[in-house]
Number of protein chains: 2
Amino acid sequence: MDKLHIHIDVSPELFVKNPDNSDLGKKIVTNSIELIHELGFENFTIKKLSIKIGSPESTMYRYFESKHMILFYLIYWYWSWIEYRLVFKTHNLPSAEEKVKSAIKLLTESVEEDSTFSHINEILLDRIIMSEAVKAYFTKRIDLQTEQTHFSVYKRVVERVSQMILEINSNYPYSHMLVSTLIEGAHQQRFFAENIPSLTDVNNDPCYITKFYEQLVFNSISK
Amino acid sequence: MDKLHIHIDVSPELFVKNPDNSDLGKKIVTNSIELIHELGFENFTIKKLSIKIGSPESTMYRYFESKHMILFYLIYWYWSWIEYRLVFKTHNLPSAEEKVKSAIKLLTESVEEDSTFSHINEILLDRIIMSEAVKAYFTKRIDLQTEQTHFSVYKRVVERVSQMILEINSNYPYSHMLVSTLIEGAHQQRFFAENIPSLTDVNNDPCYITKFYEQLVFNSISK
DNA sequence: GCGAATATAATAGTATTACTATTATTAATA
DNA sequence: TATTAATAATAGTAATACTATTATATTCGC
């Protein structure tokens, strides 16, 4: 079966020239993902990227205003992709419970296959978001416009899941807080499981993070 | 009433020369807290610190190996202080429920008064941990020895609260995960409430974060 | 209270890095 | 073919983390 021809549009505030419209642009995105994953965002430099690609540094700046903007671009892309999958997966499910279950699974499990979008490795991107995105959130430097832009997609994801929860219990007062705790907590637990395992309850079950948050959510919202 | 003469020892791997043993050292710690709070960790530089203090940059390096080590020192100090308060506050409480309640309060509320330790402003430090500590956790650069050292106190806090939870329900399988979700989630919610309020359920009640996590924990562990 | 160790000051310097500027060359396009 | 735009090649700037060196205080054993 052919792949769907879907395309994720990233807000134009996040780039100087749309990297999606040229081979070089896609190469920058592809290689940024690989390098950030490999080195961590602090050790990722434009010089290293330009050497990996074989084009001068100045060319990178013709696509992205700064190295931070590359990370924001990737984060925006990621959450747009998650939102698309969230809508797709929960569509037509018969009950609110099943929708929430499906959402929790999507938001807590690691991405295991790389398929839909040719030049983006979703597995690596997922791992970058897990370990590097907090550094982008918790910053005062970025201008407000950009911050608004970036968080708009993230907020929409939170809002969508929040609405599903309110379908189950319309009186639950902390739906947004619960969803963002779930999203960030799951990323953090995955990071801990890999890097500081004694902070989690690692066991043989590969789904334990999902199970934990499923239990957490349903116990919290049941009347 | 006189203050208690307690003293928090920071692991010697985290400094070159113990800043607690000299006036200049204490000045470095005091002013680092103020500057990191004011500028954020990225914009905090040793040069700015040295200008604020009025001593040359090289002197800073005689106390701390790097600017990162200053942050690790502060994080270590913070969690030792939290651990001390945790033990103190839960001591002699009659039931495990009350211990857990008290622990949740301690771990989720903002620090509002600065008292015990003369040269450390606990209010500012608490705010630094809330907004800057994630950047220190999520890093691959630091050497393993230091990472172990730093996390040892944090882990002990998680372990202590975890034990209290198991006192209530010894079959609960996710106690560590629940506690670290609580700790990091509360910091994150406080950060969101200040910086990206639409991601939380802000309302007039100043204790809503505490209430949310209290409900979350007790609903999760009740049999 | 003297001499030796130690702490700090003053200053200079290196390597890295984010980012800019300039000009040459190639590719796309009208 | 002429024009425009994209990219390459190269150089340069300012900031910064950190090191090195020497001079001047301060502390402390005796």
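So that the names make sense, note that chain A is the first sequence line, chain B the second, and so on, each numbered from 1.
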Open item on the list: Does C/dT8 have its OP1 or OP2 closer than 4.0 Å to a side-chain nitrogen or oxygen of B/Y63?
Closed with: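 So the side-chain polar atoms of B/Y63 do come within 4.0 Å of the phosphate oxygens OP1 or OP2 of C/dT8, strictly under.
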
Task: B/T59 side-chain N/O to C/dA9 phosphate OP1/OP2 under 4.0 Å - done: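 Yes, B/T59 has a side-chain N/O under 4.0 Å of OP1/OP2 on C/dA9.
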
Rounded distance in Å - [atom1] ([X]) to [atom2] ([N]):
X	N	atom1	atom2	result
A/L24	D/dT7	CG	C1'	8 Å
A/K17	D/dT4	NZ	C1'	13 Å
B/I53	C/dT8	CD1	C1'	13 Å
B/M60	D/dT16	CE	P	16 Å
B/E65	D/dA17	CD	P	15 Å
B/I70	D/dT16	CD1	P	15 Å
A/R62	C/dA27	CZ	C1'	13 Å
A/F41	C/dA18	CZ	C1'	11 Å

I'd like to know if [X] and [Y] make a salt bridge, using a cut-off of under 4.0 Å between side-chain N and carboxylate O.
X	Y	answer
A/E109	A/R190	no
A/E42	A/K67	no
A/E34	A/K52	yes

Open item on the list: Between B/P56 and A/F44, which residue's closest nucleotide on DNA chain C lies nearer the 5′ terminus?
Closed with: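 Counting from the 5' end, the first nearest nucleotide belongs to B/P56.
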
TODO: Classify the angle between the aromatic ring planes of A/Y154 and A/W79 as parallel (below 30°), tilted (30 to 60°) or perpendicular (above 60°).
DONE: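 Because their plane-to-plane angle is over 60°, the rings of A/Y154 and A/W79 count as perpendicular.
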
Open item on the list: So, taking the atom named CD1 in B/I53 and the one named CG in B/N31, what distance separates them when rounded to the nearest 0.5 Å?
Closed with: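 These two atoms lie 4.5 Å from each other.
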
- [ ] Output the single nucleotide from D/dT7, C/dT11, D/dT10 whose closest atom is nearest the side chain of B/S58.
- [x]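 Out of D/dT7, C/dT11, D/dT10, the nucleotide with an atom closest to B/S58's side chain is C/dT11.
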
Task: Selected nucleotide, minimal atom distance to B/Y61 side chain, candidates D/dC18, C/dT8, C/dA18 - done: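 Of the candidates, D/dC18 comes closest.
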
Students often get this wrong, so: under 4.0 angstrom with heavy atoms, is [X] touching a base, only sugar-phosphate, or nothing?
X	result
B/K47	nothing
B/F64	nothing
B/S55	sugar-phosphate

